[in-house]
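Below: the structure, in structure tokens.
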Amino acid sequence: MVDMTVLSSTATPTISGTQHVVLLGVGLVHVQALAQLATKPLAGTVVTLVAPHPRQLNAGMVPGFMAGHYALDDCAIPLEPLVQRSGIRWVQHSAVGLDVQQQTLQLDDGSTLHFDWLSINTDPIQDRDQLEKAIPGVREHALFARPIEAFAALWPRVVEMGSSRALRVAVIGGGSTGIELALAVRHRLPNAAVTLVSSSTVPGANYPTNMRQRLHNVLKMRRVTVIQDLAVGLTANAVQLGCGADLACDVPILATGGAQPPAWLAASGLALDDHGFIAVDRYLRSTSHSRVFAMDNVGTCSRHPLVQNLAAAMAGSPLQPHQPPIKSLNILSCGDRYAVASWGHFSAQGWWVWRLKDWMDRRFMARSTQQQG
């Protein structure tokens, strides 16, 4: 492999006889892939990473950062040491377009990058255009939970504001992200009025009944007001609700919308599923273009077969199917050093659950750091 180089986006490898593999994004699967490439490079390839930031934040630790339990560096995997050890090339830009027929990525500086093989593992986003249509005013007034790097950079400003006056904070979205953010705000800003605006009767609607009840009780005990309604608009000092009322608000945090596909996928030429994401087979390979792989960050605690499947695909060999876990452990932090967990239909809560989450997060970060040499 060639030595690591941080390239300008106009630089495209042209080494004769090689295949150009592009890793787009540094989701947790690609973090694993870079560690594997450090010990077992792909033969006959040049690998380029496309990622705009010098670090990758562990989103599961960000509520702990908000609550004051972690410094932001505790939640970050620096990319440069990992890239150096992997011996790959790094283009420090974002993709703004994909032409799968021409096998090119369009980057945010106006240049293009050609690939022979493409793996996509980008962080979840919030489509601002789509959300602005649903909730007019969010572009101007809301603090978006995604991208996580931007949110983490802005959070200290909210803490500074809250140190001088009691803020009115509204977290919009009753899913797991909204719940964790609302509880983190409550812990960090004890004098704030914290409201969770949820379209569901009980926040955490995707969880089993016993988990939902635990979350309901925790929110009540920690004085987080829950409003069952839709946010239909934002102004400079209020959240407009579907019932016609206004909720006074200084800091609206938008945690709704879930994981959304980047807008440029629509014109990429790839087959998409009903939600606009790349349609993939059981090998996480595009159903329409066999040289494109795509995956989210679900079920990445175990070793992921991406690198092996890239090597097998280039050699024309059989691929390993991706086997997500039948059940997954979900742990939601509650602001203080307390957490609620679910495993299938089993649920639990307590300080020991937070200690388990803290241990798991720190173990993952330590492993990532050690993999960087």
Side-chain angles (χ1 to χ4, degrees), residues 59 62-63 66 124-148 150-151 154-155 158 161-162 166-186 189 191-209 211-263 266 274-277 330 332 334-335 340:
V62 169
M66 292 174 63
I125 66 164
Q126 291 175 294
D127 188 324
R128 280 159 166 71
D129 291 335
Q130 180 179 330
L131 288 168
E132 178 66 26
K133 292 177 183 178
I135 312 174
V138 293
R139 272 190 172 277
E140 182 178 359
H141 302 294
L143 176 56
F144 286 80
R146 299 285 184 175
I148 197 72
F151 176 80
L154 291 171
W155 173 245
V158 179
M161 290 168 55
L167 296 175
R168 300 165 298 181
V169 180
V171 179
I172 302 169
S176 58
T177 300
I179 293 169
E180 283 197 297
L181 297 190
L183 290 168
V185 173
R186 159 57 63 229
L189 303 175
N191 295 322
V194 183
T195 303
L196 180 66
V197 180
S198 172
S199 60
S200 303
T201 305
V202 179
N206 293 332
Y207 291 110
T209 302
M211 177 72 162
R212 294 199 304 270
Q213 188 60 51
R214 290 181 187 275
L215 293 171
H216 172 77
N217 293 339
V218 167
L219 289 164
K220 184 176 181 179
M221 290 178 61
R222 283 156 178 75
R223 298 179 294 110
V224 174
T225 302
V226 178
I227 294 179
Q228 184 196 351
D229 207 336
L230 290 173
V232 297
L234 290 185
T235 65
N237 53 19
V239 178
Q240 299 170 335
L241 302 174
C243 66
D246 284 354
L247 172 66
C249 177
D250 302 304
V251 182
I253 299 176
L254 197 67
T256 190
Q260 297 174 311
D274 294 339
H275 302 287
F277 291 95
N330 297 288
L332 274 64
C334 299
V340 179

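The first residue in the sequence is number 1, and the count goes up from there.
Listed here is the closest heavy atom pair of Met66 and Ala184: CB-CB, 3.9 Å. What you find for Gly174 and Ser198 is that their closest heavy atoms are CA-OG, 3.6 Å. The two residues Ala231 and Val239 have their closest heavy-atom pair at CB-CG1, 3.8 Å. Between Ala182 and Leu196, the shortest heavy-atom distance links the atoms CB-CD1, 4.3 Å. Taking each heavy atom of Gln126 and Arg146 in turn, the nearest pair found is OE1-N, 2.8 Å. In terms of heavy-atom proximity, Leu167 sits nearest to Val158 at CD1-O, 3.7 Å.
For the pair Leu131 and Thr256, the minimum side-chain heavy-atom distance is below 4.5 Å. Under the 4.5 Å side-chain criterion, counting only non-hydrogen atoms from C-beta, Arg223 is not in contact with Val194. Using a 4.5 Å heavy-atom cutoff, the side chains of Pro63 and Leu183 are not in contact. Val62 has its side chain out of reach of Trp155: every pair of non-hydrogen atoms, C-beta onward, lies at least 4.5 Å apart. A 4.5 Å side-chain heavy-atom check between Pro203 and Leu215 finds every atom pair outside the cut-off. Taking the side chain as every heavy atom from C-beta outward, Leu254 and Leu234 never approach each other to under 4.5 Å.
For the atom pair SG (Cys334) and CG (Leu219), the distance works out to 8.0 Å, reported to the nearest 0.5 Å. Between atom CD of residue Gln228 and atom OG of residue Ser199 there is a gap of 8.0 Å, rounded to the nearest 0.5 Å. Atoms CD1 and CG, from Ile253 and Leu181 in turn, are 6.0 Å apart once rounded to the nearest 0.5 Å. Remark: Thr195 OG1 to Leu247 CG distance equals 5.0 Å, nearest 0.5 Å. Atom NZ of Lys133 and atom CG of Asp127 lie 8.5 Å apart (nearest 0.5 Å).
Contacts classified as salt bridge (Lys or Arg N to Asp or Glu O under 4.0 Å) and involving residues 192-203 (residues at least two apart or in different chains) are not found. Applying the side-chain hydrogen bond (donor to acceptor under 3.5 Å, both in side chains) test to pairs two or more places apart or on separate chains, those with a residue in residues 167-186 are Arg168-Asp250, Glu180-Ser333.
Residues satisfying the side-chain contact (heavy atoms from CB on, under 4.5 Å) criterion with Asp274, sequence neighbours excluded, are absent altogether. Every residue meeting the salt bridge (Lys or Arg N to Asp or Glu O under 4.0 Å) condition with Arg139, not counting sequence neighbours, appears here in chain and number order: Asp129. For Asp246, the side-chain contact (heavy atoms from CB on, under 4.5 Å) partners at least two apart in sequence or on another chain are Ala238, Gln240. Listed by chain and number, the residues in a side-chain contact (heavy atoms from CB on, under 4.5 Å) with Pro208 are Asn210, Met211, His345 (sequence neighbours excluded).
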Item checked: Step-by-step side chain to side chain contact (heavy atoms under 4.5 Å, CB included) determination, Asn217 to Arg214 -> CA-CA 5 Å; Asn217 293 339; Arg214 290 181 187 275; 5.7 Å; no

Next item on the list: List the steps, then state whether side chain to side chain contact (heavy atoms under 4.5 Å, CB included) holds for Leu154 with Phe144.
Entry: CA-CA 10 Å; Leu154 291 171; Phe144 286 80; over 6 Å; no

